[in-house]
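Data block below; observations after.
Start at 1 and go down the list; that is how both ligands and their atoms are numbered. Small disclaimer: the values here were computed from a predicted structure and weren't measured.
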Amino acid sequence: MNAQDDAALWNDWQTLGPPDRIPATAPLHTQLFDRALTLRRVGDAVSVTFADSGQAVPHVQVRHGWVWVCLGTPARDIVELPRWDQPGRVFTHPGSFGVHASALRCVENFLDMGHFPFVHTDYLGKEPHTEVPPYKLHHEDATDQIVATDCKFWQPQGSPTAGGEGLDTQYEYRVVHPHIAMLKKTSSVDTREFDIIVLGLQPVSETSSIGHTLLCYVDAPGSEEPISRFQQIIFGQDRPILQSHNPKRLPLAWNLEFPVKIDAMSVAYRRWLRAKHVRYGAIV
Ligand SMILES: [Fe+2]
């Protein structure tokens, strides 16, 4: 379908990832909603043009460490993300990764704790600890976001700074945008604090996307590089699983897919997308 016909997504801000993806002296060629785009650095700012016509994309901003564009008419402001400039925290983006799966599939996978022991074995989970304990889930009316709290999962090595004895990790998930979700999880440096991971998907086409991540970790000396490497390992484990999904687009009607076991967060996400009439990257 033409993304222009999906008003909810077309008239919203979409992330193109951190500005430092753009080489200092050369343009970055990328794609959003099947449109080829060219990104250039202009001093501290970023210009984005349509590759075919050379015309400027009218709505471009750099915020929260990411470049954002809206190809339509923005119906709202860029979503709020956590403040990064807090003392004692490290802010990093460990890279952007291309996936042959719809952006919606990638968000849904990010919300799924059930795959931890099987896909992220010895890191985020391990058999026989396969049960996802019940958690609280609600729609936050004021922000129109899906929030899951009191999520718990036992993790053998939930972060590069974890000691290796395993940790009962607390999670909180929040879907802030059809293509962006974030989670807070217990910091292994200070278990009273949370590390924050934001995943933003750039829908390249209906069946392919680029994932951009932002990490905000409680600082430990020399932790920045291991943290980035750790997240690259985790996303590298997710990629083949995401790419094995068939169909590539996310079914939103229940009669189109009968999962063996579908999680409450996934049900809520799909219902929320249906209510917004999201169709690009979906099967409705
Ligand atoms: Fe995963």
Side-chain angles (χ1 to χ4, degrees), residues 17 92-133 135 137 146 148 151-162 166-188 194-203 207-217 226-246 248 250 257 259-270 281:
T92 181
H93 37 81
S96 302
F97 58 96
V99 189
H100 290 293
S102 97
L104 306 176
R105 284 270 193 205
C106 297
V107 172
E108 187 188 55
N109 177 72
F110 183 75
L111 302 175
D112 171 34
M113 283 182 287
H115 78 283
F116 287 169
F118 310 106
V119 177
H120 306 296
T121 314
D122 295 332
Y123 291 98
L124 305 185
K126 187 177 185 176
E127 292 183 81
H129 304 272
T130 56
E131 196 70 23
V132 178
Y135 51 85
L137 185 64
I146 300 167
C151 309
K152 287 184 280 294
F153 212 83
W154 183 83
Q155 301 200 319
Q157 178 82 43
S159 83
T161 48
L167 180 68
D168 264 322
T169 310
Q170 305 279 330
Y171 272 76
E172 183 184 308
Y173 287 88
R174 187 174 277 270
V175 183
V176 302
H177 177 291
H179 296 143
I180 305 170
M182 52 180 277
L183 65 82
K184 293 181 180 179
K185 63 183 280 190
T186 310
S187 163
S188 53
F194 288 94
D195 295 330
I196 304 168
I197 302 173
V198 183
L199 175 66
L201 276 304
Q202 172 186 337
T207 56
S208 62
S209 47
I210 301 173
H212 306 290
T213 48
L214 294 173
L215 308 179
C216 181
Y217 268 70
I227 283 169
S228 287
R229 209 166 43 235
F230 184 85
Q231 285 305 327
Q232 285 162 4
I233 291 169
I234 298 299
F235 291 121
Q237 292 171 333
D238 279 314
R239 185 190 275 123
I241 304 302
L242 285 164
Q243 297 189 155
S244 70
H245 279 305
N246 188 19
K248 299 274 179 216
L250 182 68
E257 191 176 71
V260 177
K261 183 184 173 197
I262 189 157
D263 185 74
M265 229 183 310
S266 172
V267 172
Y269 175 55
R270 294 189 191 198

According to salt bridge (Lys or Arg N to Asp or Glu O under 4.0 Å), does anything in residues 112-127 pair up with another residue at least two apart or in another chain? List the pairs. D122-K126

Which residues satisfy the ring pair (Phe, Tyr, Trp, His ring centres under 6.0 Å) test with H129, sequence neighbours excluded? W154

What do you reckon, is CZ of F235 surrounded by more than 12 foreign heavy atoms closer than 6.0 Å? yes

Listed by chain and number, what are the ring pair (Phe, Tyr, Trp, His ring centres under 6.0 Å) partners of H115, not counting sequence neighbours? H120

For Q170 and T186, which I'm curious about, is there any donor-acceptor pair between the side chains at under 3.5 Å? no

Shortest non-hydrogen contact from I146 toward Y269: CD1-CA, 3.6 Å

Protein-side N, O or S atoms sitting under 2.8 Å from the Fe ion (ligand 1) are H115 NE2, H120 NE2, D238 OD1, D238 OD2

